[in-house]
Each structure stands twice: as structure tokens, then as C-alpha cells.
4 protein chains.
Amino acid sequence: MIKAKIVGAGGYGGVGLLELLLGHPEADAVELVDIDNAGTPIANLYPHLKSFTDLVITDSASEDVDVVFMATPDGVGMTLASDELEKGAKVIDYSGDFRFNTPEAYSEYASRIGLDTDHRAEALLKEAVYGLPELHRKEIVSDTRVIGNPGCFAVSCILGLSPALKNSLIESDGIICDCKTGVSGAGKNPSPAFHYPARYDNMNAYKLAGHQHVCEIERELGILAKADIKVTFTSQVVPVCRGIMSTLYGSMRESVSESDVVEAYQTFYSDDNFVRVFGSDVSVGSMDVRGTNYCNLVVSVDARTGKLRVVSYIDNLVKGQAGSALQNMNLLFDLPETAGLSSPGRYP
Amino acid sequence: MIKAKIVGAGGYGGVGLLELLLGHPEADAVELVDIDNAGTPIANLYPHLKSFTDLVITDSASEDVDVVFMATPDGVGMTLASDELEKGAKVIDYSGDFRFNTPEAYSEYASRIGLDTDHRAEALLKEAVYGLPELHRKEIVSDTRVIGNPGCFAVSCILGLSPALKNSLIESDGIICDCKTGVSGAGKNPSPAFHYPARYDNMNAYKLAGHQHVCEIERELGILAKADIKVTFTSQVVPVCRGIMSTLYGSMRESVSESDVVEAYQTFYSDDNFVRVFGSDVSVGSMDVRGTNYCNLVVSVDARTGKLRVVSYIDNLVKGQAGSALQNMNLLFDLPETAGLSSPGRYP
Amino acid sequence: MIKAKIVGAGGYGGVGLLELLLGHPEADAVELVDIDNAGTPIANLYPHLKSFTDLVITDSASEDVDVVFMATPDGVGMTLASDELEKGAKVIDYSGDFRFNTPEAYSEYASRIGLDTDHRAEALLKEAVYGLPELHRKEIVSDTRVIGNPGCFAVSCILGLSPALKNSLIESDGIICDCKTGVSGAGKNPSPAFHYPARYDNMNAYKLAGHQHVCEIERELGILAKADIKVTFTSQVVPVCRGIMSTLYGSMRESVSESDVVEAYQTFYSDDNFVRVFGSDVSVGSMDVRGTNYCNLVVSVDARTGKLRVVSYIDNLVKGQAGSALQNMNLLFDLPETAGLSSPGRYP
Amino acid sequence: MIKAKIVGAGGYGGVGLLELLLGHPEADAVELVDIDNAGTPIANLYPHLKSFTDLVITDSASEDVDVVFMATPDGVGMTLASDELEKGAKVIDYSGDFRFNTPEAYSEYASRIGLDTDHRAEALLKEAVYGLPELHRKEIVSDTRVIGNPGCFAVSCILGLSPALKNSLIESDGIICDCKTGVSGAGKNPSPAFHYPARYDNMNAYKLAGHQHVCEIERELGILAKADIKVTFTSQVVPVCRGIMSTLYGSMRESVSESDVVEAYQTFYSDDNFVRVFGSDVSVGSMDVRGTNYCNLVVSVDARTGKLRVVSYIDNLVKGQAGSALQNMNLLFDLPETAGLSSPGRYP
């Protein structure tokens with residue numbers, strides 16, 4: 001069995017991964033680290049885990065493991081990664097710490113979220129792989145040591161636009177990403193904006209000045225389009241718990257029918273287990289991917305205005321976070337990509 | 001007192017108007033008509049109205065009144081309007097029946113929703129006024145007899161984009177309207193998509209092939225822009241009860257600062273009681289307009305991509321329906337525009 | 001106009017009262033006090049109030065007013081009341097500070113919530129009136145200076161059981177109060193239990209060791225029953241925003257039909273504007289009283305087991321708090337009891 | 001592999017079982033029957049199942065299987081059971097059809113829900129076993145042919161009260177079951193009471209004249225208490241999707257400490273995998289059992305009033321329905337009781 005450690009185990013990203021590992025046939029969580037909850041059995045912090053695990057949270061990593069999941073905020077993974085790598089573990093980091101390959105790219109990202117623009121483990125940046133298997137599967141192999149797990153909005157936008165840009169279906173400028181997230185995306189810590197009475201019947205746009213996930217979206221789409229890409233990005237929050245619905249717009253280069261676009265998308269993702277493509281006649285909602293690692297894409301063409309529109313649905317905590325991380329682990333250890341990710345969600 | 005009759009009183013649009021009329025200083029609801037609930041006291045159908053009104057629903061209009069609100073689906077108002085007009089009443093219709101001034105324009109609209117494209121009261125089209133006071137206040141006067149109350153999505157989009165087009169801040173092509181509505185917009189009748197377990201943690205896009213409100217949006221914006229306007233429009237539903245959040249995108253003609261755009265918007269709406277304009281530094285949500293006739297606009301400029309983005313918030317049942325209808329009535333009878341519309345919502 | 005001051009204006013209880021005062025024909029809020037938000041316009045803190053009030057929150061009370069509402073936690077009102085009374089104002093306090101007439105009774109209450117059991121304005125206790133008009137209307141008159149506004153659960157339970165005990169329909173022992181509250185009852189401050197993701201699909205009992213509202217329930221019911229009353233009380237929270245549903249059980253003294261009980265209840269409340277009584281054949285829910293000062297009671301008799309069951313519905317923020325406070329103000333100033341409280345809620 | 005057929009596969013009870021069977025190591029769903037959706041792939045009806053199953057719904061049962069789950073309303077199982085039994089299948093029925101062992105007991109139940117009081121497969125009643133493994137495990141063995149799966153409210157109440165009655169901790173009269181269910185308990189068909197706008201901020205009691213689950217509760221508790229038991233039962237619905245919280249009250253026979261009661265409960269359930277017992281100091285909510293087959297019991301003693309209070313939490317669709325059904329199947333085929341039921345829920 002692969003031995004896994006979760007740092008930041010007390011947050012939604014950590015506990016979501018633990019849930020998945022409990023059902024994984026080839027991997028076990030053996031250590032949970034979280035400075036805020038050290039000494040507490042995880043099942044006390046998350047009572048739904050009672051009878052499923054006896055693990056007690058520790059305040060610092062001690063176990064030698066095969067893989068470390070850094071379910072931690074920006075800045076933590078870069079301080080802990082080297083030690084773990086030296087001990088022979090692979091590192092999968094949830095934050096932006098390892099999503100960029102150059103100090104300059106990291107610096108631009110860090111400045112957007114008000115962090116120190118110097119990276120504290122600069123030497124690792126070059127080898128880190130951006131952990132979106134649908135685009136980087138060939139680089140996520142047994143020699144890979146460091147994965148920068150993608151941002152939740154980024155997953156939904158990149159998967160929704162990649163086939164269009166790779167196949168030159170849309171112009172590289174004028175792309176719009178109108179993204180709506182469920183509240184769990186804000187994490188576990190209570191705050192006025194996510195207090196139940198303030199949130200239950202409320203929706204709003206936020207970070208209108210610019211969201212940090214834009215950096216990785218533009219980088220990845222730019223590689224595919226072989227062009228400099230700048231997207232207009234809007235982050236919005238609505239009162240669902242889990243789910244991202246990103247509505248993506250681009251200008252068609254030439255008139256192509258919806259069915260041809262659907263086919264191009266299906267071809268692009270023909271080797272991918274976790275992406276489904278639909279035309280606009282199929283009814284799809286965020287609940288259809290809730291609790292799973294799937295991304296559902298609904299493709300439509302507005303012939304009147306010459307726009308391609310793709311609605312991209314994921315569960316922000318699974319494909320947008322813990323599920324992608326586990327998918328990456330499977331690739332790193334040469335396991336079936338779907339291992340531990342093959343349960344349907346619960347409906348309703 | 002102005003005597004008002006509500007046809008279609010049993011739906012959300014009817015009862016919402018009744019609630020407002022109960023607090024109006026100069027108007028009274030004197031008759032409620034609804035074929036589905038004839039003979040029932042409205043307070044039995046809507047128990048929150050017990051002790052507030054004794055009105056019993058009737059199956060056909062009999063009272064002579066000053067104003068008739070047709071809170072009815074498409075096709076009803078056009079069959080009943082002439083009779084009421086002959087009896088001297090004014091008619092305010094919630095549906096698309098009187099939103100268009102020519103049979104051709106109506107026909108295009110009707111074909112989008114699968115209705116007979118012939119209008120059954122064609123002679124009235126020419127005199128009907130599109131009931132968005134912020135744009136048509138001067139035409140909504142005591143001589144006016146027929147008002148076509150605007151669609152809920154249309155209100156949010158038109159108010160959000162009018163100043164930009166009037167002032168030539170944005171190009172007339174490439175406009176995108178990404179609209180999210182609360183569930184009450186679907187009305188009172190239960191259906192699988194709005195069954196609580198199917199909806200509470202779900203969001204989805206719908207009518208991707210085209211929404212009927214696009215017709216009036218394009219017509220109104222085209223008048224302001226003096227150009228042929230086509231918008232890409234996406235309707236989406238999220239689990240809030242009341243509220244529309246429309247995120248509107250246009251390409252800036254030239255580089256203008258956010259504060260200048262805010263100022264242009266504030267100037268445009270300087271005579272309007274019910275539109276508030278904010279810059280992107282102000283936190284605004286749909287809950288801030290819930291239960292009121294306000295439209296809150298948050299204006300931002302994405303200098304990186306040259307896009308103007310306006311987030312437009314309304315309560316779909318008030319400014320998007322009954323509130324606008326009452327505002328129109330106030331204008332028709334030369335009352336203060338805010339009469340009956342001056343209560344704040346309840347928070348939380 | 002009556003001049004009113006709200007201390008603790010920044011909380012749900014304060015802002016709810018302000019909303020009501022904005023629509024009151026005879027009273028105005030002239031000062032808002034809140035140490036946490038001093039210097040902030042209330043409409044910045046609660047943006048739904050923009051255009052409705054320009055009041056700026058202050059950090060200490062300075063205005064001479066006719067009535068002070070202490071929308072403050074336990075312990076605050078008792079330190080501020082004397083000063084205000086000396087200046088000639090009446091005081092209506094939301095907390096437990098003035099719900100008890102003796103130091104001993106207060107002390108028992110205070111010990112339940114871990115507060116200092118000494119009352120800091122002991123001299124005022126004797127004259128304070130328990131502000132439930134349905135039971136104490138005759139004591140809430142122009143000479144009265146201090147009102148202890150009742151607890152939200154207490155309002156629902158006392159109104160639901162008073163007629164039964166007054167008329168000796170049920171035994172004085174074995175009474176059970178099974179109470180469910182909406183989340184707004186926990187107030188404005190975010191906490192883990194009321195964080196949206198933790199709450200949206202969750203319900204739970206809390207304070208199983210004993211809730212402080214029991215003291216006033218037992219006192220009031222004991223007066224009516226002329227007996228020592230002890231109730232078994234369970235507080236539970238469910239994911240609605242506003243509303244209390246208290247299901248109350250007592251053992252019938254003798255077999256009485258449901259319709260006779262309904263009649264006894266209706267007689268008991270025949271002079272009350274804000275209590276409605278229904279039999280078990282009428283469909284009633286918490287939404288029917290949302291946003292209003294009403295209490296809806298559904299009375300049923302389980303003949304098989306000899307139990308009376310009353311389901312009592314209120315809006316915890318209106319009849320359970322700000323609405324009762326305003327009703328008390330109306331009585332103190334000899335105004336119609338319904339002044340400022342005569343708007344229906346908004347549905348849905 | 002055990003071959004299973006689900007009749008009534010299109011409802012929540014059917015699809016919930018299918019989800020569980022997809023993860024069961026020893027059983028497979030091989031046929032789905034539902035007259036309302038015949039010819040439709042189940043994954044079209046429930047898009048979250050796409051990629052997980054290709055099964056197409058049929059309109060009548062044709063496959064020979066080892067076990068048939070009748071996820072059908074009252075009256076269906078009794079007409080289909082004999083045929084299936086003759087073909088050698090075991091039958092597990094979700095409705096009240098096989099919860100009673102005598103025509104008389106069935107008749108009383110049927111009359112409560114307005115059904116024909118004659119049972120159409122009377123001969124089978126005697127051999128049918130009430131499928132609550134915690135009480136009837138010894139009768140659910142390989143010879144058993146017919147299981148009457150218990151009602152959701154009944155599971156929560158019986159599990160919550162059995163240890164108290166078995167150990168004579170409480171009196172057999174005066175028991176109160178105050179039950180709150182999530183909306184999924186009402187099933188898949190839309191109706192006005194469960195339309196999102198009417199339900200999202202609403203809670204109410206219903207069926208005050210008597211709920212049919214009372215029959216089985218009184219029967220089971222009576223057996224344990226060796227006494228005639230009548231309970232006062234209140235069914236209430238609150239806006240959660242999944243979950244039942246039943247608050248159960250009984251009069252203590254003599255003064256026993258909470259910790260002793262907790263111990264008695266833990267002893268009673270010491271051989272049960274799916275029941276957890278807590279004291280009142282532990283924080284428990286319905287979300288802690290969501291998506292699992294667990295029942296969480298919180299035991300407390302109100303020494304002031306001499307009442308025992310047990311708060312019983314289950315997921316109405318799992319332990320209250322499909323999970324219990326699968327647990328019964330495991331017992332019938334001598335599999336580990338937890339097979340297919342050992343995944344934690346997803347949080348949040």
C-alpha cells in the first residue's frame with residue numbers, strides 16, 4: 001500500500017482527500033498534520049468520520065511516507081517540500097506554490113494575492129508539474145516529484161476552453177470566463193460573508209479587481225493556442241455548498257455547427273475518464289457531478305452572434321481539489337487513473 | 001383611491017402586487033381574478049395574507065376599475081385588454097403581449113416561445129408603451145392606456161447596459177449577458193427542476209438555444225446605441241428564492257477609468273429613484289435589493305482586456321415584475337413614482 | 001413624533017427594529033449606538049438600508065429621546081438603564097436583564113448562562129414589566145418605565161400554552177416544549193456551527209443541559225396555572241433563516257374535543273391582534289408568519305394518548321424580538337398596538 | 001455475485017439502492033423496473049449515474065434474480081411478491097405491505113392511509129420479517145423469504161427508544177416522538193409543498209391527525225416493553241434534503257444518571273455496527289450521518305422533570321430506506337452486515 005500523509009488535514013481539502021483515501025484500494029492515509037487541531041482525533045473534528053478512522057491529528061510531520069498532500073494555504077508547501085522530497089516522498093501541493101515554473105511567473109501570481117513575491121523553494125519550480133492530467137498526463141509519471149495541483153476555477157475554465165483553443169475554433173482574444181462557485185470553496189473558517197443568514201438567499205460577484213486563478217488559466221490556454229491569452233474573469237458565489245459552474249465565451253473564428261464542436265471536444269477528451277461532453281439539448285446541472293471527479297461540459301454555438309459558449313461543471317472540492325490530487329497520485333504511482341475515484345455521487 | 005384589479009392573482013406576480021398595493025397610500029386592490037382558484041379567499045391560498053385582506057378570488061373580471069394588472073402568461077392580456085380599455089381602465093400587462101410595437105416584432109418574439117405569431121389585439125400594439133420608466137418615463141403619462149411590463153432578465157440587462165451604450169462607452173457588438181435568476185422566477189407551479197431536493201444544491205444553465213427576453217433587450221439597447229444590437233445571452237438558475245444577478249460584458253471603445261464610467265452611470269440615472277451605481281470596491285449582493293424595487297449596478301473596467309463589466313442586481317419579483325408594474329401605475333396616475341415602494345427589505 | 005434610540009444597532013435585533021421604525025407613523029429612530037461599528041453609516045453595514053436612512057452609528061448614547069431600545073446582550077441594559085430613565089426615557093431591553101422581578105429569580109437565570117448572579121440595577125427589577133402584551137397588556141402603560149422584552153423561544157411557548165393552563169385543560173406537570181429555531185436566532189456573528197457549508201443541510205439539538213429561556217416560561221405559565229411548573233425543554237436549530245416552530249405537549253385533564261380546545265384558545269386571544277388559532281385541519285407553516293408580528297397556533301388533541309399538542313409558529317426576529325419590542329413601545333405611548341406592524345410579509 | 005432486481009427504480013428509494021449496489025463487492029443490480037420510465041436508461045433519468053451504469057429501465061420484471069427490492073408504494077409489493085418467490089428470489093419490500101404479521105394489524109395500518117384494508121397476499125404475512133436488523137437479526141437468515149423494510153420515522157424512533165423500554169428505564173405510557181424529516185422523504189414527485197420557493201425557508205408539522213408509521217413503532221416497542229404502548233407522534237418537515245432528527249421523550253421510572261443510561265444504551269447496541277450512542281456533552285447533527293447507514297443517538301436525562309430525552313439522527317434515504325434494505329440483503333445471504341455500507345459520507 002502507498003502510504004500518504006496529509007498536511008492541513010483539518011480543512012475541507014484535507015478531509016475530502018481523507019474520505020477518498022478511505023476508499024482507495026492501493027493507498028492509505030497514515031498521518032494527518034494540522035497545527036490548529038493537533039492532538040485531536042480527526043473524527044472528533046469531523047464526526048461523520050467516527051467508526052471510519054482512528055487517526056489523531058499531529059502538529060508536525062514525522063512519518064516517512066510515499067506521498068505528501070499539502071492541503072495548505074499558499075506559502076506552506078514551499079517551506080516543507082524539500083524535507084519531504086529528501087526523505088523520498090512525492091509532494092502534491094494544493095496551493096499556488098508549485099503551479100508555476102519560473103520565479104517570474106510565481107511572482108506575478110503572488111503579487112495578486114498580496115504575498116511575498118520571492119519563492120522560498122525556487123529550485124523546485126523547474127521540476128514541478130501542473131497537475132491537470134487532461135493536459136499534462138505525460139509529465140505526471142513515476143519520476144515526477146512535485147505536483148502543483150490546479151486551482152478550482154482554473155480546472156473548470158481550462159477544461160472548458162482547451163479543445164476550442166487547441167483546434168483554433170475561437171479567437172485567442174476576447175475570452176470571457178463567468179464563474180460561479182459554491183460556498184465550500186471559501187473553506188472551513190467562518191466569516192461574515194458565509195454566515196448562513198447572510199448567505200442562504202444571496203449571490204454576489206467578488207474580487208472584481210482580479211482573481212489569482214487567472215494566471216494559470218492564461219498560461220495553460222496560451223500554450224494550447226500558441227498565443228498570448230488574456231481572459232476577462234468574474235468570480236461569483238451562490239448558495240450551493242459544492243459546485244462550480246463556469247460559463248465560458250469565445251468568438252468563433254469561422255462558422256462551425258454545434259455538433260461539429262461537440263465532436264471536436266469529444267475527440268479531444270477521448271482518452272479522458274473524467275470529462276463528459278454534451279450538446280445544448282442535454283439537461284445538465286452541478287448536482288450531476290457533485291461528489292465525483294467528473295467535469296461535465298455543455299457546448300453550444302450562438303450562430304446569431306458568432307460566439308462559442310461552454311458551460312463547465314465540476315465539484316470544486318473533488319475535481320477542483322482533492323479528486324484531482326488523488327488522480328495525480330494515481331498517475332505518479334502508475335495506478336489506474338480512476339482508482340479511488342469510481343463511486344457515483346449521492347442523489348439527491 | 002385608485003381602484004385596481006389583478007388578473008392572475010393566484011401566481012407569484014399577482015400576490016406580490018397585492019402585497020405592495022396593501023401598503024399603497026393611493027390605490028386599493030378591489031378585485032382578484034384567477035380561473036384556477038375562483039371562489040377561494042386569497043388568504044387561504046396564501047396564508048401569510050390572513051388578517052390583511054378578505055378578498056375572494058373570482059373567475060372573471062366584473063368590477064369597473066381604474067387599472068387592470070394582467071399578471072398572466074403570454075396570450076391572456078391581448079384577449080382581455082380591449083374590454084377593459086373600453087370600460088375606461090388602464091392596462092398593465094406582465095407578459096410579452098404588449099412589449100412590442102409592431103406585429104413583426106411581436107411575431108419574432110412569439111415564435112421564440114412557440115406561440116401563435118399572430119397578435120390578437122394588433123391595433124393596440126402601436127400605442128402600448130414599454131414599461132421601463134428609467135428609459136420611457138416621458139411616455140408613461142396620464143394619456144397612456146397600455147403598458148407592456150418588461151421581462152425580469154430584460155430589466156436587469158437593459159438598466160445595466162443603457163448608460164454604456166447611450167454614451168458610446170462600449171462597442172455595439174460582442175455584448176454578453178450572463179444572467180442568474182432565483183427560483184421564484186419560474187413561478188408557482190411545481191415541476192421536477194424546482195422540486196426542493198433537486199434544486200437546493202444545484203445550479204444550471206437552461207434555454208441555451210435562446211431566451212425570449214433577448215428580443216426586448218436588443219430592441220431597447222439598439223435604440224440607445226442607434227445601431228443594430230445582438231447580444232449573447234445565457235439564462236441560469238441558482239438556489240436562491242428571489243434575485244437576479246446579471247453580469248454584463250462589453251468591449252470598451254477607448255480606455256476610460258472605472259471612476260469615469262461610474263460617474264457616467266450616475267449621471268445617466270441621476271433622476272431615477274430606483275437605480276444605484278457603485279464601483280468595484282463596494283461589496284454588493286442580491287440580498288441588498290431583495291424585497292425592494294431597486295436595481296444595484298456594480299461597474300468595473302478590466303483594463304488588461306479592455307472590457308467593461310457591469311453586475312446588475314434586482315429582485316426578480318419586484319423590480320423584475322410587480323414593483324415595476326406599480327411604478328408604472330404611479331406614473332400613469334401622476335403619483336410620486338415611489339408611492340407604495342418605499343419600504344426597505346427585511347434583513348436577513 | 002416619538003424619538004427612539006437603539007443601542008446595539010448593529011446586530012440583527014437592532015437593524016430589525018430600525019426597519020420597523022422606518023415604517024412607523026408615530027416614531028422615528030434618531031440615534032443608533034454600537035461600540036463595534038461606531039462611525040459607520042448603518043447603510044454601509046447593512047447595504048439594504050441605503051436610500052432609506054443616513055444615520056451614522058455612534059459609540060455612546062448622547063441624544064435625549066423618549067424611548068431607548070437596548071438591543072444588547074445580557075448585562076448591558078442593566079448598566080445603562082438608570083441614566084436613560086433619569087433623562088426621562090423609557091427603556092425596552094431585549095436581554096434577560098429586566099425579565100425578572102426579584103434578585104433571586106434573576107440570579108437563577110444568570111447562573112444558567114454563566115453570568116455574574118448579582119444584578120447591577122437591582123432597584124429597577126421591581127418595576128420592570130415582562131413585555132409579553134398578550135399576558136401583561138394592562139401593566140404596559142404610560143407610567144411604566146422599564147420593559148424586559150421576552151426571549152424568542154419563550155414567546156412561542158408561553159403563547160402556545162397559556163390558554164391551556166389558564167383554563168386547566170392540561171396537567172401542570174409533564175409539559176414538553178420541543179422547539180426548533182431558524183439560524184438568525186444565533187445572531188450576526190459568524191461561528192463554525194452557522195457557517196453555510198456546515199449548516200445548509202444540517203439540523204441538531206443543542207444546550208441539552210438546559211436553555212435559559214426555561215426560567216421565564218415556567219414563571220409565566222406558573223402564574224396562569226397557579227402552580228409550580230417545570231417543563232422539559234429542547235432547543236434545536238434547522239436551516240431556515242427566520243422562524244420558530246415550537247411543538248408543545250401536555251396531558252389533558254379530561255377528554256375535550258379539538259374544536260372545544262380551539263374555541264377556548266380563540267376566546268383567550270379574542271382581544272389580541274397578533275395571535276391566530278387554527279385546528280389541525282388547516283395547513284400552516286413558519287413562512288406564513290415570516291416578516292410579521294404574528295403568532296400562529298395549531299391546536300390538536302391526540303385522543304388515543306390523551307395529549308394536547310400545540311404547534312406554535314413565530315418569526316423569531318419579529319414577534320420573537322423587534323416586533324414585540326415595538327408592540328411594547330406602542331402600548332407605553334398609548335398608540336394603536338399594531339402601529340408600524342401592519343405590513344404582510346413577502347411571499348415567497 | 002448475487003443478482004438483484006429493483007422494482008420502482010426511478011424513485012429516490014430505487015436510485016439510492018442502485019448507488020449502493022454499484023459499490024457492493026458481492027451483489028449486482030441486473031434489472032431495473034419502473035412503469036413510468038420504461039425504455040429510459042437510468043443514467044438519463046439520473047445523469048449523475050452516467051459512466052457508472054448502462055442499465056435501461058424496463059416496464060416489467062423479466063430477469064430471474066436472487067433478490068428483488070420492491071422500492072414501490074404500498075400495494076405494489078403484495079401483488080408481485082408471490083411470483084418472485086416462486087421463481088426463487090427473496091423479496092425486500094420498502095412499503096408497509098410486509099411490515100405486519102396478521103391481516104388485522106395490516107388492516108389497521110392500511111386504514112390510516114386510506115387503502116383497501118384487505119391484504120392481497122395474506123398468506124405471506126406470517127412469514128414476513130420486520131427488517132430492522134438491530135431487533136430482528138436472528139430472524140433475517142438464509143431461510144427467510146420476505147422482508148418488510150421499516151418506515152424511515154419508525155427506524156429513528158424504535159432505535160432511539162428500544163434500550164430504554166427493554167431495560168424498563170421509562171414508563172410505557174406518555175411517550176412522545178417529535179420527528180423532523182428532510183424533504184427527500186417526500187419522494188421524487190414535485191408538489192406545491194415541496195416546490196423550492198415554498199419550502200426553502202419554511203418548516204411545518206403535517207399529518208397531525210396521525211402518521212401511519214406509528215403502527216410499527218408501537219408494535220415493536222410494545223414487544224420490548226411487554227406492554228401495550230401508545231405514542232404521541234408528530235411529523236414535521238424542515239428544509240434539509242436528507243436527514244431525520246427524532247426527539248423522543250419518556251418518563252423515567254426512577255432516577256438514573258445520564259451516564260448510566262448511556263451505558264445501558266451502549267450495551268444494548270454493543271453488537272451493532274450502525275448505532276452510535278453519545279451523551280449530551282457531544283455535539284451531533286444530522287449531517288454527521290448523511291449518506292451513511294448510521295443512527296446516532298444522543299441520550300440525556302432531565303433530572304428536574306424526570307424525563308429521558310433521546311435525539312435520534314439517521315439519513316432517511318439510507319438507514320431509513322435503501323441502506324437498511326441492503327443491510328437486510330446482507331443478512332439474508334450471510335454476508336458481512338456492512339458489505340456495501342462502509343463508505344463515509346461526504347462533508348460538507
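The chains referred to below are lettered A, B, ... by the order of the sequence lines, with proteins before strands, and numbering in each begins at 1.
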Task: Residues in residues 198-214 of chain B near chain D [non-hydrogen atoms, under 4.5 Å] - done: B:A198, B:R199, B:Y200
Open item on the list: Does the plane of the ring in D:H195 sit parallel, tilted or perpendicular to the ring in B:F194? Use 30° and 60° as the thresholds.
Closed with: perpendicular
TODO: Identify the heavy atoms of D:P197 and B:Y12 that sit nearest to each other, and give their distance.
DONE: CB-OH, 3.4 Å
TODO: May I ask you to list the residues in residues 39-48 of chain B that approach chain D closer than 4.5 angstrom, counting heavy atoms only, ordered by number?
DONE: none
Open item on the list: Applying a heavy-atom distance below 4.5 Å, give me the residues of residues 184-193 of chain D that approach chain B, sorted by number.
Closed with: D:S184, D:G187, D:K188, D:N189, D:P190, D:S191, D:P192
Task: Residue pairs fulfilling salt bridge (charged side-chain N to carboxylate O under 4.0 Å, His left out) with at least one residue in residues 319-328 of chain B, sequence neighbours excluded - done: B:E134-B:K319
